[in-house]
Amino acid sequence: MLLLFVMGDKEDSNIQAMRHSLAHILATAITKLWPEVKLGVGPAVENGFYYDIDLGEKKLSDADLKVITDEMRKVINANQPFEQYDLSIEEAIKWAQENKQTYKTELLNDLKRAGTTVAKDLDTEELGTITDSNSAVDSVSFYKNGDFIDLCRGPHVESTGKAGAFKLMRISGAYWRGNEKNAQMQRIYGVGFETKEQLNKHLEMLEQAKKRDHRKLGQELDLFLFSDLVGSGLPMFTPRGTVLRDELTGFSNQLRQSHGFQKVWIPHVTKTELYKVSGHWDKFGSELFLAESQETSDKLALKPMNCPHHNQIFAFQQRSYRDMPVKYLETTTVYRDEKSGELGGLSRVRSFTQDDSHVYCRPDQIEQELNHLLLDADELYKTVNMELRVRLSYRDESNDYLGTKQLWETAQKQLKNAVVKSELEYFEQDGEAAFYGPKIDFMATDAIGREHQLATIQLDFVQPERFGLEYTGEDGKKHRPVMIHCALLGSVERFLGVYIEHTAGKFPVWLAPEQIRILTVNQEKVTVDVATNLQEKAREYGLRVEVDNTNESVGKKIRSSELMKVPYVVVIGEKEISSGKVLPRIRKDIEVQESLEPVSVEGFLKTVANEAKSRVQKTSLMSSKHKI
RNA sequence: GCCACCUUAGCUCAGUUGGUUAGAGCGACUGUUUUGUAAACAGUAGGUCGUCGGUUCGAAUCCGACAGGUGGCUCCA
């Protein structure tokens, strides 16, 4: 386990002290307002702090945030000094019991027992108040301000007046010690910064993030929808949204097909037997969508994953070591009955599509196969302009893993070799492996610095065993293949959610649902004919083009194309008709330079078609500011 | 599943402490206009106020259940 927080430079530790102090002040205010409160833990977290409290029957609402904020301000304005002192663990427990702080008592008793047991079932990062160690603790730290005292490891700032700028954000539920079976407490979240300016900057950043929320853009850009009649967590995609899906999965498939993957197809319903064999039934049975046959006695389920089906295809034929590796690829939808509260936008849904693939290979082929997949992931994320780093997730020394230790060791070594060879940024972590094998998790960073886990490559020693998969080796004996699961986009829906926010809806030409929009200056026949003609020509180049010849002003039509974030807009009027040339208006983010030179229609279309084909971010075309 | 909050026209939102025919902007439609790079003008239609039940002389407004959503917790093969 790690230290509570790593001391970076001075600034970092100062802001940490401020956030700890703010949590402390929050507790001060709450205790003043509701003296019967039972305090849980109140750590500093990224951008702020929170405190978990138990108020019994009293349920806080947003209106209470104002009251609490006012009380906190009073404490801050009083500029009470923070006094730190240590108590022996016995004294501390006595204090907690006298003050009826049952949660603190529990924590202190655990600390007294032994640091290691605490470390095991507590996330010390969340604890905040409690120091982490490997042995029993004999004294703990307290902070006092005014007549409020709280168990707290600190550090704190000198006095309440120096805690910086804060804003209470929200109230939510949180289970005591993060365990669903424990009591649910109320968590009050706040953000805290050294200065008012920094706080405002952070709040502005949140506003920006809200503007590019994929749910909002999905509506505005006409990409996807939900329907009450269909059900929650079951997204549907419009023609525009479907273009995005098809282009992305097409690219993902193309990358792997170049490495010998073959497409397969499986049905979406299966007998539940399949998952009893795979072992998923015991672990995830409650999240299966069940269906019943009205004709037979079959108990059926919608597939929650694809590997067991693909295993059937592998097992359909006898395999020789010469056939290996066998590589299947399928973009297909899976269904998982997530708990209702866990759904949200496209990030967590009940039907989602995986760009799934499975490699069945000999143990000596693992590294080479991983190599190909890493190359593909690298190219895909470069193309969508997201930075990638990978986590090598290994087993630890516990016995929670299946397969021989030796198999794991060679597999982990091959995993690492492949990653090193790929030159991707990586880090290693023990204890993060799946029970059936080590894995590579990809973290992609978006345009506003948030990291998302999207792609994953997993080795699997278990399913080949459970399904009795085998191939005949050179020695004439039967051998077990190793399976490699891989999805480059992960879930297409989640990827789109992230990607829409990454680009703020300004998709590069190859992905743009509408690549070119043609506007007519008037509705005279000759103008409309030229526009329609241009559209037909563009379609011959495989481009997605719409004509806007509505009875509106050019300004208005430009505005509407801008709102839809169309990369290229061409206006057709007298000038274009007589010259046969166009002056494309180019969306700002893909524009490199401007010029006032009109280009020929053919030249324009050829360039755009090439850009779409080569999936570039920027255009080589020169736009004009159109001062005609 | 748990905690808190939200749901009014296709979209974004007003709607005073429960009180007559629930409003606006955008969008749609019709007409006028024939438009040159981010919003022409006028008119028309569009709502059982998420659904069901309750309290009340009277409910968009208060209460309950359900559905859907948002932020967290828990979970995520």
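Chain A is the first sequence line, chain B the second, and so forth, proteins listed ahead of strands; every chain is numbered from 1.
Residue contacts shown for A/Leu60 are limited to sugar-phosphate atoms, with no base heavy atom under 4.0 Å away. Residue A/Tyr436 is in sugar-phosphate contact alone, with no base atom involved, counting any heavy-atom pair closer than 4.0 Å across all strands shown. Using a 4.0 Å heavy-atom criterion, one finds that A/Gly573 contacts the bases of the nucleic acid, with or without backbone contacts as well. When heavy atoms are screened at a 4.0 angstrom cut-off, A/Gly285 is found touching no nucleic acid atom at all. Within the nucleic acid shown, A/Gln186 has no heavy atom closer than 4.0 Å to any nucleic acid atom.
Between the CG atom of A/Asn311 and the C1' atom of B/A77 there is a distance of 13 Å, rounded to whole Å. Rounded to an integer number of Å, the gap from A/Ile53 CD1 to B/C73 C1' is 15 Å. Between the P atom of B/C13 and the CD atom of A/Glu220 lies a distance of 10 Å, rounded to the nearest Å. B/G25 atom P lies 19 Å from atom CG of A/Leu563, rounded to whole Å. Per the geometry, NZ belonging to A/Lys557 stands 14 Å off P belonging to B/U34, to the nearest Å. The interatomic distance linking A/Leu168 (CG) with B/G71 (C1') rounds to 15 Å, in whole Å. Between A/Ile68 atom CD1 and B/A4 atom C1' the separation is 13 Å, expressed in whole Å. Per the geometry, NZ belonging to A/Lys575 stands 12 Å off P belonging to B/U37, to the nearest Å.
A donor-acceptor pair is defined here as one N or O able to donate and one able to accept, closer than 3.5 Å; such a pair exists between the side chain of A/Arg350 and the backbone of A/Ser232. A/Glu501 places no side-chain N or O within donor-acceptor distance of the main-chain N or O of A/Val498, the cut-off being under 3.5 Å.
Defined by atom type and a distance below 3.5 Å, a donor-acceptor pair is present between the side-chain atoms of A/Ser393 and A/Asp441.
Taking each heavy atom of A/Gln312 and A/Leu274 in turn, the nearest pair found is NE2-CD1, 3.9 Å.
A/Arg187 forms a cation-pi arrangement with A/Tyr50, by the criterion of a distance under 6.0 Å to the ring centre and an angle within 45° of the ring axis. A cation-pi contact, defined as under 6.0 Å to the ring centre and within 45° of the axis, is absent between A/Arg215 and A/Phe226.
When the P atom is compared between B/A42 and B/U33, the two are found 16 Å apart, to the nearest whole Å. Spacing of C1' atoms, B/G1 relative to B/G58, comes out at 40 Å, to the nearest Å. Taking the P atom of each, B/G50 and B/U7 are spaced 8 Å apart, rounded to whole Å. Rounded to whole Å, the separation between the P atoms of B/A14 and B/G25 comes to 16 Å. The same atom, P, is picked in B/A39 and in B/C26; the two are 13 Å apart, to the nearest Å. Between the C1' atoms of B/G15 and B/A9, the separation comes to 14 Å (whole Å). When the P atom is compared between B/C62 and B/C5, the two are found 13 Å apart, to the nearest whole Å. Annotation: B/G47 and B/U51 have their P atoms spaced 13 Å apart (nearest Å).
Using a 4.0 Å cut-off, some side-chain N or O of A/Lys556 falls inside it from OP1 or OP2 of B/G27. Distances shorter than 4.0 Å separate none of the side-chain N or O atoms of A/Arg187 from OP1 or OP2 on B/C3. Dashed line: the shortest gap from a side-chain N or O of A/Ser232 to OP1 or OP2 of B/G68 is under 4.0 Å.
If you take CG on A/Leu26 and CD on A/Glu71, they are separated by 11.0 Å, rounding to the nearest 0.5 Å. Note that CD1 of A/Ile30 and CG of A/Leu60 are 7.0 Å apart. Values are rounded to the nearest 0.5 Å. Atom CD1 of residue A/Ile572 and atom CG of residue A/Asn522 lie 11.0 Å apart, to the nearest 0.5 angstrom. Note that the CD atom of A/Glu220 and the CG atom of A/Leu563 stand 8.5 Å from one another [nearest 0.5 Å].
For A/Phe284, counting side-chain heavy atoms from C-beta on, the closest listed nucleotide (B/U37, B/C76, B/A39) is B/C76. Side chain of A/Glu552, nearest nucleotide from B/G36, B/A38, B/A40: B/A40. Taking only side-chain atoms of A/Glu180, from C-beta outward, the nucleotide of B/G36, B/G71, B/U74 with the closest atom is B/U74. Nearest nucleotide to the side chain of A/Val571, out of B/A77, B/G36, B/C3: B/G36. Comparing B/A77, B/G1, B/G71 by their closest approach to the side chain of A/Met305 singles out B/A77. Among the nucleotides B/U74, B/G36, B/A4, the one closest to any side-chain atom of A/Lys59 is B/A4. Comparing B/U37, B/U70, B/A77 against the side chain of A/Arg215 picks out B/U70 as the nearest. You'll find that the side chain of A/Glu287 is closest to B/A77, out of B/G36, B/C73, B/A77.
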Subject >> Derivation and outcome, side chain to side chain donor-acceptor pair (under 3.5 Å), residues A/Thr333 and A/Thr353 >> reply: CA-CA 4 Å; A/Thr333 306; A/Thr353 308; 3.0 Å; yes
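Using cut-offs of 30° and 60° on the angle between ring planes, the pair A/His310 and A/His358 is perpendicular. Using cut-offs of 30° and 60° for the angle between ring planes, the A/Tyr360 and A/Phe314 rings count as parallel. Ring geometry for A/Tyr568 versus A/Phe604: interplanar angle over 60°, hence perpendicular rather than tilted (30 to 60°).
Counting only Watson-Crick and G-U wobble pairs whose two distances sit under 3.5 Å, RNA chain B takes part in these stems of three or more pairs: B:1-7 with B:67-73, B:10-13 with B:23-26, B:28-32 with B:40-44, B:50-54 with B:62-66.
Along RNA chain B, the nucleotide nearest to A/Asp213 and the one nearest to A/Tyr175 differ in position, and the one closer to the 5' end is contacted by A/Tyr175. Map A/Phe226 and A/Ser560 each onto its nearest nucleotide of RNA chain B; the residue landing nearer the 5' end is A/Ser560.
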Please enumerate all protein N or O atoms sitting under 3.5 Å from an N or O of nucleotides 7-12 of chain B, with distances to 0.1 Å.
from  : atom 1 : to       : atom 2 : distance (Å)
B/C11 : O3'    : A/Gln219 : NE2    : 3.4

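The stretch residues 330-353 of chain A comes close to RNA chain B through A/Arg336, A/Lys339, A/Ser340, A/Gly341, A/Glu342, A/Gly344, A/Gly345, A/Arg348, each having a heavy atom under 4.0 Å from the strand.
Taking the ring centroids of A/Trp408 and A/Tyr394, they lie at or beyond the 6.0 Å cut-off.
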